[in-house]
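Residue numbers count from 1 along this sequence.
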Amino acid sequence: SLNSSSVGNEGGEANVGFNNLSITFDLQDVSVSLNQLSQSNNDSLACINFIKSTLKVDSKSDGSQDIDLISHEILITDTRKWLQNETTNVFVNIIKPMKECGSIIQAEVHSRSRENNTQFTILLNNMRCMMILDWLEIARDFILQIEEHPTLDTNVSTTYNREYKKESSENKNGTFELKLNITDSELVFVERTDQIDTNAIILKSTTVLNYRPHDVDKSMSINLNNLEVFSCVLNAEDSTALSIIDPVIINMEVRKGTFGVHFQKHFLIRLSYHDVKMFQRMLQSLPQQTQHGRNVRSGSIALKTSKSEEKTLQKLKALGFKQKDCELALEVSDNQLDEAALWLTQNAEPLKSPVHLLNEERNAYGALDITSVELKASRISICVIDDCKDADVPLLELTLAHLELTQDFNFKDRLTKALTGNLREGHLKTVFSADYYNRALSGFEPIIEYWKCEADWSYNKPQVITQFSRLNLKIKSN
């Protein structure tokens with residue numbers, strides 16, 4: 001619908017534009033099929049089912065745009081076809097509702113695009129996501145694939161490139177914000193994708209993520225509320241569920257290149273012999289689970305580019321231009337090296353010299369350039385469970401109290417640090433203790449009493465441990 005009336009800001013400011021276009025789509029049982037390009041034909045990758053959804057698009061005269069997608073029920077399925085010698089995937093519902101939500105909104109996506117700011121808000125509620133690794137790899141490549149530009153003549157392409165540069169420079173100063181809110185949702189990691197009664201590890205949490213790359217002081221923050229991890233057999237979850245991590249609150253943030261992790265409560269990990277063997281089998285099955293994804297990726301790459309095109313692209317990049325500009329030059333010149341090089345000199349800007357780039361890297365870091373990690377926890381415990389034969393009792397508990405751990409990953413200025421003597425790549429400060437479970441008394445008894453320790457390490461110095469108190473080790477035998 002077209003609307004000629006002016007619309008003001010929420011804060012009562014002056015009118016900023018007219019509503020040029022407003023469209024509302026009522027999506028009832030609408031399916032969107034995603035097809036991937038292979039050497040033979042177009043193979044189906046996934047199907048997105050908007051069972052009960054509403055899509056609204058508002059466009060204003062000043063260039064701003066609002067997009068809202070509200071879904072009461074959404075389902076994403078794996079629609080790949082399998083060969084006889086390939087490991088199939090029986091968990092075709094990749095993302096589905098955990099239970100009958102009724103009138104509860106399952107997913108919301110909001111986009112607010114303004115002249116100097118772009119905001120994305122994503123809300124997910126009561127959803128279960130199956131972590132099928134090969135499908136996730138193919139889906140990632142499908143989303144991040146490079147868009148093929150149409151072939152243009154020289155005059156048209158020059159005008160298009162200038163307008164593209166102008167638009168890019170205007171949007172470069174704009175800010176970007178992403179807010180992700182996941183409520184009561186689960187991530188499921190399976191041991192075998194071809195068995196419905198396979199062992200699985202389920203991670204359940206309420207997650208809030210904020211990403212602001214323009215804010216160097218706090219570019220990203222992640223809050224994991226009531227995070228819990230348990231193992232089970234998928235076709236009998238209620239009767240086979242065993243807790244691995246009790247509900248805990250974890251706060252993570254990135255501040256000026258430092259990734260900080262803070263555990264607010266007692267972080268308790270329970271590991272049994274069954275869990276350790278299951279983790280081992282899962283790690284061993286990773287190459288087999290991702291084999292299909294690697295085969296599809298290698299086939300698509302062989303289809304898109306040949307060896308001669310890769311060599312030509314490398315020669316253009318050696319001249320000092322960006323890969324995106326080199327690819328566009330090859331498309332405009334029909335893969336002619338000389339014409340592509342001439343087009344780059346007239347329409348593209350070369351990269352800066354390596355020395356200048358190195359100086360810029362030393363003075364500034366990107367939003368997610370992690371240079372150090374800080375870990376703080378009031379108490380972290382690992383409890384080893386003896387579940388051999390008919391036993392299911394604790395065996396040993398290791399505890400790290402008042403834990404402070406820092407690790408430096410900024411290896412660019414190692415020479416400067418070595419000359420100044422300030423070369424410490426890591427630091428650990430904690431209080432360590434260990435307790436064993438006395439079955440006769442049905443309680444824990446200390447085997448290593450509280451021991452304060454501190455450790456520093458670096459890449460060219462041996463580990464140094466400073467002991468603040470006496471280490472008491474108790475060994476009893478009947």
Side-chain angles (χ1 to χ4, degrees), residues 201-205 224-232 240-252 259-283 373-407 424-458 461-478:
I201 297 176
I202 299 180
L203 186 149
K204 186 176 181 180
S205 173
L224 301 178
N225 298 318
N226 295 324
L227 170 66
E228 59 177 323
V229 180
F230 58 92
S231 62
C232 67
T240 60
L242 295 175
S243 176
I244 297 178
I245 297 179
D246 288 343
V248 66
I249 299 177
I250 303 177
N251 296 327
M252 296 176 285
F259 179 64
V261 182
H262 182 212
F263 298 89
Q264 292 190 355
K265 295 182 179 180
H266 181 200
F267 186 57
L268 175 60
I269 304 175
R270 295 187 180 93
L271 289 178
S272 63
Y273 175 80
H274 171 76
D275 294 333
V276 173
K277 298 299 291 185
M278 181 179 58
F279 284 129
Q280 183 181 4
R281 290 192 299 268
M282 282 187 171
L283 293 177
V373 173
E374 293 183 357
L375 174 63
K376 294 183 179 181
S378 59
R379 187 181 182 90
I380 296 180
S381 301
I382 299 178
C383 183
V384 181
I385 306 296
D386 181 11
D387 60 347
C388 297
K389 296 183 179 179
D390 295 332
D392 191 11
V393 294
L395 181 65
L396 181 69
E397 183 171 309
L398 306 176
T399 302
L400 296 176
H402 308 292
L403 175 63
E404 295 181 4
L405 173 65
T406 59
Q407 177 63 53
R424 187 180 68 182
E425 300 296 342
H427 175 72
L428 171 67
K429 183 178 180 181
T430 186
V431 178
F432 176 73
S433 63
D435 301 288
Y436 77 97
Y437 188 78
N438 191 333
R439 297 188 182 183
L441 301 178
S442 299
F444 282 98
E445 292 189 4
I447 187 174
I448 297 179
E449 296 183 353
Y450 289 104
W451 177 47
K452 297 180 180 180
C453 60
E454 185 173 354
D456 298 318
W457 58 87
S458 61
K461 295 181 181 181
Q463 184 175 359
V464 179
I465 299 180
T466 303
Q467 178 181 326
F468 289 98
S469 61
R470 182 175 58 184
L471 173 62
N472 297 320
L473 177 62
K474 296 182 180 180
I475 300 179
K476 296 180 181 181
S477 175
N478 296 327

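Residues Asn438 and Ala440 approach most closely at OD1-N, 3.0 Å, considering heavy atoms. In terms of heavy atoms, Met278 sits closest to Ser231 at CE-CB, 3.5 Å. Nearest heavy-atom pair, Pro394 versus Phe444, reported as atom, atom and distance to 0.1 Å: CB-CZ, 3.7 Å. Taking each heavy atom of Tyr436 and Pro446 in turn, the nearest pair found is CE2-O, 4.2 Å.
Thr406 places none of its side-chain heavy atoms less than 4.5 Å from the side chain of Val373. For the pair Leu227 and Val248, the minimum side-chain heavy-atom distance is below 4.5 Å. Proximity of Ile380 to Thr399: side-chain heavy atoms (C-beta onward) are nowhere separated by under 4.5 Å. Side chains of Thr430 and Lys452 form no contact here, defined as non-hydrogen atoms less than 4.5 Å apart. You'll find the side chain of Leu271 stays beyond 4.5 Å of the side chain of Cys383, heavy atoms only. Taking 4.5 Å as the limit, some side-chain heavy atom of Met282 sits within range of a side-chain heavy atom of Ile201. Using a 4.5 Å heavy-atom threshold, the side chains of Leu396 and Tyr437 count as separate. No side-chain heavy atom of Ile382 sits less than 4.5 Å from a side-chain heavy atom of Phe267.
Atom CD of Glu449 sits about 9.5 Å away from atom CG of Asp435, to the nearest 0.5 Å. Taking OG of Ser378 as the start and CG of Leu400 as the end, the distance is 11.5 Å to the nearest 0.5 Å. One finds the CD1 atom of Ile245 at 7.5 Å from the CG atom of Leu203 (value rounded to the nearest 0.5 Å). With values rounded to the nearest 0.5 angstrom, Ser433 atom OG is found 8.5 Å from Leu398 atom CG.
In this structure, a donor-acceptor pair under 3.5 Å is present between the side chains of Ser381 and His266. Between the side chains of Glu404 and His427, no donor-acceptor pair of N or O atoms lies under 3.5 Å.
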List the steps, then state whether side-chain contact (heavy atoms from CB on, under 4.5 Å) holds for Met252 with Phe259. CA-CA 7 Å; Met252 296 176 285; Phe259 179 64; 3.7 Å; yes
How far apart are the C-alpha atoms of Arg270 and Leu242, what are their side-chain angles, what is the distance that settles it, and do they pass the side-chain contact (heavy atoms from CB on, under 4.5 Å) test? CA-CA 9 Å; Arg270 295 187 180 93; Leu242 295 175; over 6 Å; no
Between Phe432 and Ile448, does a side-chain contact (heavy atoms from CB on, under 4.5 Å) hold up when you go through it step by step? CA-CA 8 Å; Phe432 176 73; Ile448 297 179; 3.8 Å; yes
Walk me through whether Asp386 and Arg439 qualify under salt bridge (Lys or Arg N to Asp or Glu O under 4.0 Å). CA-CA 11 Å; Asp386 181 11; Arg439 297 188 182 183; 2.5 Å; yes
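Every residue meeting the side-chain contact (heavy atoms from CB on, under 4.5 Å) condition with Leu405, not counting sequence neighbours, appears here in chain and number order: Leu375, Leu428, Trp457. The side-chain contact (heavy atoms from CB on, under 4.5 Å) search around Asn251 returns Asn223, Ile249, Gln264, not counting sequence neighbours. Under the salt bridge (charged side-chain N to carboxylate O under 4.0 Å, His left out) criterion, Arg379 pairs with no residue at all, not counting sequence neighbours.
The backbone N or O of His274 lies less than 3.5 Å from a partner atom in the side chain of Asp387, making a donor-acceptor pair.
Applying the 6.0 Å contact sphere to NE2 of His402 captures no more than 12 heavy atoms from other residues, nucleotides or ligands.
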